[in-house]
Amino acid sequence: MRLGSGTFAACCVVVEVLGVVLFLRGFFPAPVRSSSSSKHQAEPPAPEPSAGASSNWTKLPPPLFSKVVIVLIDALRDDFVFGSKGVKFMPYTTYLVEKGASHSFVAEAKPPTVTMPRIKALMTGSVPGFIDVVMNLNSPALLEDNVITQAKAAGKRIISYGDETWVKLFPKHFVEYDGTTSFFVSDYTEVDENVTRHLDKVLKRGDWDVLILHYLGLDHIGHVSGPSSPLIGRKLSEMDGVLMKIHTALLSEERETLLPSLLVLCGDHGMSETGGHGASSTEEVSTPLLLVSSAFERKPETWLCVLWSLSALSADVFFVHPVNPVWPARGSRFRSCWLGDIRYPKHVQQTDLAATLAIGLGLPIPKNSVGHLLFPAIEGKPMREQLRFLHLNTVQLTKLLQENVPSFEKEPGFEQFKISERLHGNWIRLYLEENNSEVLFNLGTKVRRQYLDALKTLSLSLSRQVAQYDVYSMVVGTVVVLEVLTLLLLSIPQALSSKAELEVPLLSPVFSLLFYLTFLVLSAVHVIVCTSTESSCYLCSLSWLTAGGVMVLVSALLCAVVSALTKVLVRGKLLSKNAAHSNSRWSELDLLILLGTLGHVLSLGASSFIEEEHQTWYFLVSTLCLALCHDIYRNYLPGDDCEPQRCLHVEGGFDGATPALQDKNTSSAVLELNRGCKSPSSLGTLRGYEKWMVLASPWVILTCCRLLRSLNQTGVQWAHRPDLGHWLTSSDHKAALSVLAALSLAVIFALIQRRCSPASKVAMALGLLGVYCYRAAIGNVLFPWQQDNKDISKGILEARFVYVFVLGILFTGTKDLLKSQVVAAGFTVKTVGLWELYSGFVLLAALLLRPHNLPVLVLSLLIQTLMAKFVWKPLRHDVAEVTVMHYWFGQAFFYFQGNSNNIATVDISAGFVGLDTYVEIPAIFLTAFATYTGPVLWASHLVSFLSSEASSSSALSHAGFCYALIGSFPVSAYIILVTSLRYHLFIWSVFSPKLLYEGMHLLITAAVCVFFTAMDQTNTKS
Amino acid sequence: MKDTDIKRLLYTHLLCICSIILSIFIPSFFLENFSILETHLTWLCICSVSVTAVNLVLYLVVKPNASSKRSSLSFKVTRFVKCCVYFLMSCFTFHVIFVLYGAPLIELVLETFLFAVTLSTFTTVPCLCLLGPNIKAWLRVFSRNGVTSVWENSLQITTISSFVGAWLGAFPIPLDWERPWQVWPISCTLGATFGYVAGLFISPLWIYWNRKQLTYKNN
């Protein structure tokens, strides 16, 4: 069967997407689970250990607290409470921290620092897998054992107000709830008022046991204006007021009941310096955790604090720094306690809260919890109860360890547990027999210390081995991806030949012996793996039919690769017999493209290069511009007017460095398609003005790139540097932003309208006007007649107004394309149609991008225009080069937009433009489009450029093939890299987000390739 | 003819390498606390001055392209002034290119400019010595198949290797090793220097190796 190379490439990429999905499913492991997690009915709690004597404590201990209020403030960073901001804006909380009956901790959240996994961690005590980020947008109900479910089972009445993630995670658990949606990032007052308005009533009523309040406003402020915004202070004061209200109500109610109540203040994750979250920087993972209850002891007075800090200061501080003994590094602790401005709470894990809450409410500890009890919370209890609680927690952790680690007996934590359990038994016997309080107390303290050590070790070793990778699925996915890549590489010579068609053997493999043999072997392997493995495996959990389908796919691909390989070998022999050593050499540009691609792929092995990948692309694009500049000057400047072979010169110095690529020489012959017709004197025919433009354009492009680079600082190392984007979005420079936005929209119109049909010109103008109105409505920019922003709305009407025009333009474009196919009206109609599709995308991007990113769009259009008119056309680059350059610029623009390889930089607010409520599919589509605007715009420009300029009819299908190849190369290499680096320290914080980005990028590439194929189909038909 | 040329080339290149090595070690006798990394700017100045001086002296002594016609003094003076202007222009051009590549615009201006000067010393000064202020000749040498002598061939190699060295020198900057030489522009200047030295080493050897295939058309 003969296929066009574009179609072939599109099929390949689609199959590759399947492979990557399989790999991702295996790579993102299921978290540590207790095997008996499915059944919720409580097993009998572990009885108190006793050596000989029988203990009467076999039931669960009674609750410590009558009522628990959990105040969860989204994105509450530790320094908002314990730092100078806390002192300034949260006086009551500071009073509680410093002098009240409270225990304060800094709870460390594990990445991904996104709300839903964090809530799960807080309530189950387990570490949710990374895949929860992907599921974050449609949170399914939580089936794992957790505190809320246990509390419900124990007949507690639970009320939840705030983020509706809670309602989704725990459906039918709450007797009363009011969910607020977290997706209108620009709204930060109403979200919280919707929570607080219930407070008075509920606190007065008192017919509940657990009250959960989840405030979202702080997170929204962070997303919109960052952690140093003045709005933060106001929000913190508001939260302080809420806390005071709750605390006083609880205190007044406590007098009537016997048991004290507990107030928990916590954050789900922190906030980075730019206001986002999701990664693992210190600011993002440090959250405050404050437990307030009258059961706790009050804090010592300030002078005690001084004594304490003096004792904490080791003597060496005074001796090492005789000149300045008070303010050395550790002296800050002294100073802070003295002045009372910064506290140094103990660092704990976020997962520790679940066990503590369970104990506090008299519930069994969630089975999958890896956290350990926060000991200060039970410190005031009698020794026997303390030991009982510690024992329960240790038993639970040991059980989890037994189920997850095969060689659990060798774990140090397990041994410690055995020792402490024995000691505990002895203590109980002693306790029941006699009453010598001092001996008992001393022994009890020892047992307690032993238990705490065991807990720490167990918790550490459990959270370290979060889960096993599903290696089998990973391997199968990798094999599929690699086979596809090999197939693509092997078919380069055929696919890029002037016919742009290749023979794809579809039927022959089905009847070949190799196919059946491979299929048999793979099935056997599948059966063996699935029957022998103990850990969960995604492929094995699939139905037999689906798994068989995967096997068929793998073996068919293998056959295709083998047949392509033999073909290439045969052809290579023929060529070498004919001694047709191509005399066309790699130009500098081709060399740069090849080495740049290789270098980029290799750089993905280093975590710093992934964090700073934007630097790689900026560097490559700048070098590309200089290489183009060199090309232009050499071709243009007179002096050596075309002496083709002036002197005989051996092959350039680079050829020695790339001996491995010699076998590609055959393909280089076809890569340089139109090279033959390129003559150096082609520029001589240009007019004077154009000549100068050609000479200047690389420099203009370089300057544009430099400007864009300073617009958004991304990455990690230099992300804190001041950039134009922050300057523009700060509220003081609203006028400047307005002028810039208006100017940008005008320039966009000027650049885009020249090739549109009149109708879409009008639509474009109105649409861009609508974009400005939308920006004004949501308060980003100002109208000249409106001096202060009074009414900020969600801008739904304006955004929908723009959507109408976007759809209209896209519709006109599609109509033109179809017309060109049916009527055969020809070339111009099709070109106009493609350009209209392109301009529709531009309009949508203008609506969705952040307001200060409009210049990115403008400069992207400008660079595209300059490149098309003054570089690609006059220099007659071939299709492969033009495609790769588009790809590189697309990648660079992805980062110019302010994206990075970090989940936190995804602008989720783009998914809610013009939507009243959260609707899943449009939201995902819009967010994906806004994130990948750069690559998508450049790809669609490539289509419209090639179909309007290219001479040969096969240009589009060549471009599709090149795009598929260059897009799938990094993914395949990265999959292998990430597999070999899966025990790297930064695997969760750096490599996994990048893997998700790569997977998404491959999906976009697949969409682009399908688009190419569709365009190509219309081309061939017309 | 050619073999003697190659021999002379080798000696001049060894002298250039010596000048760079001496610029590392000699100043520490006169200056306190001199080291490449800590007093990087001083080293850059010394290195570029010494390389320029050696290049000039070698040019005057060896005279690779001794033109037969004698020229007047005024012609020589204008030629020298032109060379100086070209050198300055190349420094500024390099500075602009570095900024376009992402060097900070306002901070570290002196560092960036000295890097530009150093790179000009490695690339523009030999070009000026050998070819004079003649853009067309430069373009001829740096386009494919344009060299006409052993000297020009080695010039091509050293210049390209200096550029490539400086280009590769930027790679370690984003890595999080936190070494003192990762700071802008130290890694780039070191890369350029290594590239230049490597070019000086390689070019005579390479030309000697390929002397059979190389035929230069004498103008």
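In the text below, chain A, chain B and the rest are named by the order of the sequence lines, each starting its count at 1.
- The distance from the CD1 atom of B/Ile173 to the CD atom of A/Gln615 is 8.5 Å, given to the nearest 0.5 Å.
- Residue A/Leu626 comes nearest to B/Ile97 through the heavy atom pair CD1-CG2, 4.0 Å, listed as atom of the first residue, atom of the second, then distance.
- Contact annotation for B/Val96: neither backbone nor side-chain heavy atoms come within less than 4.5 Å of a heavy atom of chain A.
- Between B/Leu175 and A/Ala606, the shortest heavy-atom contact is CD2-CB, 4.4 Å.
- In this structure, chain B has heavy atoms under 4.5 Å from both the backbone and the side chain of A/Phe619.
- Both the backbone and the side chain of A/Thr623 come within less than 4.5 Å of a heavy atom in chain B.
- Around CH2 of B/Trp209, the count of heavy atoms belonging to other residues, nucleotides or ligands within 6.0 Å does not exceed 12.
- For B/Pro172, no part lies under 4.5 angstrom from a heavy atom of chain A.
- Atom CZ of B/Phe194 has 12 or fewer heavy atoms from other residues, nucleotides or ligands within 6.0 Å.
- Atom OH of B/Tyr208 has 12 or fewer heavy atoms from other residues, nucleotides or ligands within 6.0 Å.
- Atoms OH and SG, from B/Tyr101 and A/Cys625 in turn, are 8.5 Å apart once rounded to the nearest 0.5 Å.
- Results of the side chain to side chain contact (heavy atoms under 4.5 Å, CB included) test with B/Pro174 over A/Glu613, A/Glu612, A/Glu611 single out A/Glu612 as the only residue that passes.
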